[in-house]
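See structure below.
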Amino acid sequence: MDPHKRSATIEVMAGDETVVGGGRFDTDRDGYTAMRKYAGQWPHRVWAIEGCQGIGRHIANRLLADGEQVVDVPPKLSARARVFATGQGRKTDATDAHSIALVGTRMTGLRPVVNDEQLALLRILVDRRRCLGVDHTRMVSQLHQLLLELIPGGAKKSLSAAQAKTLLATVRPRDAVGKARRRVAAELIADLERIYRRSKEADKEL
């Protein structure tokens with residue numbers, strides 16, 4: 001799709017780059033409905049839209065809200081494809097739609113477009129996962145310090161909660177300070193085990 005504010009020109013291209021349809025549609029309610037109905041002839045479809053962060057955002061968001069799959073075609077890629085396909089850089093809505101379709105068909109790794117709600121959800125989940133990582137690093141550092149004071153030479157740098165628990169089981173301090181260190185270390189290990197579980201759950205959700 002070559003999107004504009006009041007119209008959108010589309011070209012329908014099969015996986016072998018055969019052009020099987022196309023047209024120009026208004027972007028008002030009736031035009032959008034007509035475009036969706038027209039595209040319904042091809043149930044296994046992906047919309048390749050130029051400039052989804054700019055001029056194409058309004059139409060991409062509407063398609064996303066209707067459950068359509070959309071990828072963003074950077075203008076530089078479609079411009080390059082237009083030159084290669086036509087031998088010159090002259091722009092028309094039809095040649096633009098054709099070059100965008102070529103990029104969408106040929107290129108792998110085009111960025112899928114998600115709606116604002118999905119972006120907000122991802123930001124929340126990513127921020128939570130980052131905080132879990134920060135907590136893990138802080139706890140491991142504190143645990144290393146305690147083990148160094150409890151065990152001559154301390155523990156190895158790469159330390160899991162299970163390994164720390166095994167090490168701690170070998171320590172039986174008799175003084176009050178040593179007992180406090182061991183108790184806090186045990187609490188940290190329990191906290192680390194919870195962090196591990198939550199991190200795995202967060203990774204799975206992401």
Side-chain angles (χ1 to χ4, degrees), residues 1-132 199-206:
M1 177 192 295
D2 177 35
H4 298 278
K5 289 183 179 180
R6 292 186 174 84
S7 69
T9 301
I10 67 172
E11 180 172 279
V12 186
M13 183 176 286
D16 61 1
E17 300 184 11
T18 302
V19 177
V20 295
R24 181 172 179 171
F25 299 87
D26 292 336
T27 54
D28 59 13
R29 182 177 300 176
D30 291 341
Y32 175 78
T33 301
M35 182 179 67
R36 285 287 315 286
K37 183 177 180 180
Y38 178 76
Q41 300 175 66
W42 299 277
H44 305 293
R45 59 184 176 270
V46 177
W47 294 84
I49 302 178
E50 185 181 61
C52 289
Q53 297 305 308
I55 189 64
R57 179 181 295 178
H58 71 103
I59 195 76
N61 285 342
R62 292 165 74 182
L63 289 167
L64 286 172
D66 287 332
E68 299 283 352
Q69 185 178 353
V70 181
V71 295
D72 183 19
V73 175
K76 287 184 179 179
L77 284 181
S78 57
R80 191 179 306 159
R82 183 173 61 250
V83 172
F84 288 153
T86 65
Q88 44 81 29
R90 188 171 63 88
K91 287 172 61 66
T92 68
D93 291 346
T95 57
D96 281 351
H98 182 66
S99 63
I100 294 163
L102 285 173
V103 172
T105 303
R106 293 175 179 176
M107 296 291 294
T108 59
L110 291 175
R111 187 180 65 83
V113 181
V114 296
N115 62 32
D116 291 341
E117 183 178 4
Q118 289 172 313
L119 282 173
L121 176 60
L122 284 173
R123 288 191 186 103
I124 292 169
L125 297 179
V126 168
D127 188 58
R128 173 57 176 158
R129 181 63 181 85
R130 181 187 59 79
C131 289
L132 288 171
S199 295
K200 289 180 68 175
E201 291 167 359
D203 289 339
K204 185 177 180 180
E205 188 173 10
L206 279 168

Would you confirm whether [X], through its side chain, and [Y], through its main-chain N or O, come within 3.5 Å as a donor-acceptor pair?
X      : Y      : value
Arg129 : Leu206 : no
Thr27  : Lys5   : yes
His4   : Ile55  : no
Asp72  : Cys52  : yes

Counting only heavy atoms not in Glu205, do more than 12 sit closer than 6.0 Å to its CD atom?
no
Apply the test side chain to side chain contact (heavy atoms under 4.5 Å, CB included) to residues Tyr32 and Asp66: give CA-CA distance (whole Å), side-chain angles for both, the deciding distance (0.1 Å), then the verdict.
CA-CA 11 Å; Tyr32 175 78; Asp66 287 332; 2.6 Å; yes
Going by salt bridge (charged side-chain N to carboxylate O under 4.0 Å, His left out), name the residues that satisfy it together with Arg128, two or more places apart in sequence or in a different chain.
none
Would you please test Ile49 and Ile59 for side chain to side chain contact (heavy atoms under 4.5 Å, CB included) and show each step?
CA-CA 9 Å; Ile49 302 178; Ile59 195 76; 4.1 Å; yes
Output, in order, the C-alpha distance, side-chain angles, deciding distance and verdict of side chain to side chain contact (heavy atoms under 4.5 Å, CB included) for Leu110 and Val103.
CA-CA 9 Å; Leu110 291 175; Val103 172; 4.3 Å; yes
Rounded to the nearest 0.5 Å, how far does CE of Met13 lie from CH2 of Trp42?
12.5 Å
Just verifying a value: how many Å separate Asp26 CG and Thr33 OG1, rounded to the nearest 0.5 Å?
11.5 Å
Does Asp203 pair with Lys200 as a salt bridge, N-O distance under 4.0 Å?
no
Sidechain N-carboxylate O distance under 4.0 Å for Arg62, Glu68:
no
Going by the rule side chain to side chain donor-acceptor pair (under 3.5 Å), which residues pair with Glu17 if we only count those two or more places apart in sequence or in a different chain?
Arg106
